[in-house]
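The structure under discussion appears below in the form of structure tokens.
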Amino acid sequence: MRKIIVAVMSTISGLVLLFSYHTSTNSQATEATEPATDVGTEQSAPSTPNAAEASGSAPDASESTAAPEPASATESSSAASGSSGTYTGDAVETHWGTVQVQITVVDGKITKAAAIEYPTENRKDQQINAYAIPKLNAEAVAAQSARIDAISGATVTSDGYIESLQSALDAAHLG
Amino acid sequence: MSVTVTDLPRRAFVEQIMGLPISIHVRGPEAGSDAIAGLVTDAFAALRADDAMFSTWKPDSPVSRIRDGRDQLRNAHPRIRQVAALCELAGQRTGGAFSAWRPGPDGRIRFDPTGLVKGWAVQQAFDVLTTRLAHHGRHDALVNAGGDIAVHSTRTDTPDWVIAIEDPRDRSRMLRTLCLRTGAVATSGTAARGEHIADPRTGAPATGLLSATLIGPELTWADVYATAAFVKGGRALPWLATLEGHAAVLVDREDRISTVAAPGTAGPIRAQASVAR
């Protein structure tokens, strides 16, 4: 029987869980680090009977009393998709500075994407990561694991791409 | 820790297919070559072909013809019958929380495999791409189709792919990050489109969760299970804990975050979860 861990938490900055699927040729370890903002330990009310049963074998779920300061985000207007032209996403204000992405679309295909405003003056890909990394630091995730390659979230539509962080992550590597 | 090489060529490609932005990243010695750009172009073409076959929006697509009774599913293209069979399996594996037979705007039940096709088509195109990449040396690859992700790694000197899970309550924030070498991450939720995901058993919109993220060996099932978990809402956790090789992160409407991990899983891909507080 495999061991099942179910942990239920009440705040976002509690348990940090990193999953790793390893290929047979790679033995690189994945490390999870302790969130810096954890204060106190409290198992929240489980939402299911199963969670209650499993909580005995689950690691401590921690409730943070000092919630990270939220990054601000502006609602952005959508650019048309499926057509041609150059579209500039709204500047998105973050803790770390302003990020703005511009894409060129030809027949619905993005032919060019560039971040036209970045928080820092560093090399392009470092800048994008500089944008992403502090957000993760706010969640108390280790910086060495914070070099984000992709964002998983509720379905991003074509219209939403220009405002997505994924577009900024792509921009550094578009040929 | 193995040595990581950070100066390997890496290239990203983006196209809009099925109404989604689809990003493909390749890293490795030939990542910048025309040959590999051609392979990626082929992968996008395969996805466009699946879109043409399975679209429920294009009135004359093969699936639309089945939906309105012009054609019969049993006579359909083998690819469509394969998807229909997978949808049946998905219904069984999710206790009916996933179904390809859904009521349309007029209330009539019609064949709608859309909920499975996206993840399946992306995984299939990605598998072909990674197989063909091997002919050009060792490369790693990633695809992100509107927030649903598959990664594949053959190198041993590269860092893990780092996938961030968006916080459905504030999309400028990240909920978690996870490291994958080969596998898939799919998130189901309503944050991006604001639309409802209906429970196929009742037709009522699922309201228990803000988002459900599944991590597993391949995107077809991670995507189906994420949708099913979202539909199951508060009843998802016990079911998720029974899934071999899959881990999950759920956010509910009371701001609770639940994680389900399955360490020590047997199978072609070993899932390893490390938990710290």
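All values reported here derive from a predicted model rather than from experimental measurement. Proteins come first, then strands; the chains are lettered A, B, ... in the order of their sequence lines, and each starts at number 1.
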What distance separates A/Ile148 CD1 from B/Ile165 CD1, expressed to the nearest 0.5 Å?
-> 11.0 Å
Side chain, backbone, both or neither of B/Ile149 within contact of chain A (heavy atoms, under 4.5 Å) | side chain
Between CD1 of B/Ile22 and CG of A/Asp170, what distance do you get to the nearest 0.5 Å?
-> 12.0 Å
Determine yes or no for a side-chain-to-main-chain donor-acceptor pair under 3.5 angstrom, with A/Asp149 supplying the side chain and B/Val162 the backbone.
-> yes
Distance-only, no hydrogens or angles: does the A/Ser152 side chain make a donor-acceptor pair with backbone N or O of B/Gly147 under 3.5 Å?
-> yes
At a heavy-atom separation under 4.5 Å, does B/Ala186 approach chain A through its side chain, its backbone, both, or neither?
-> backbone
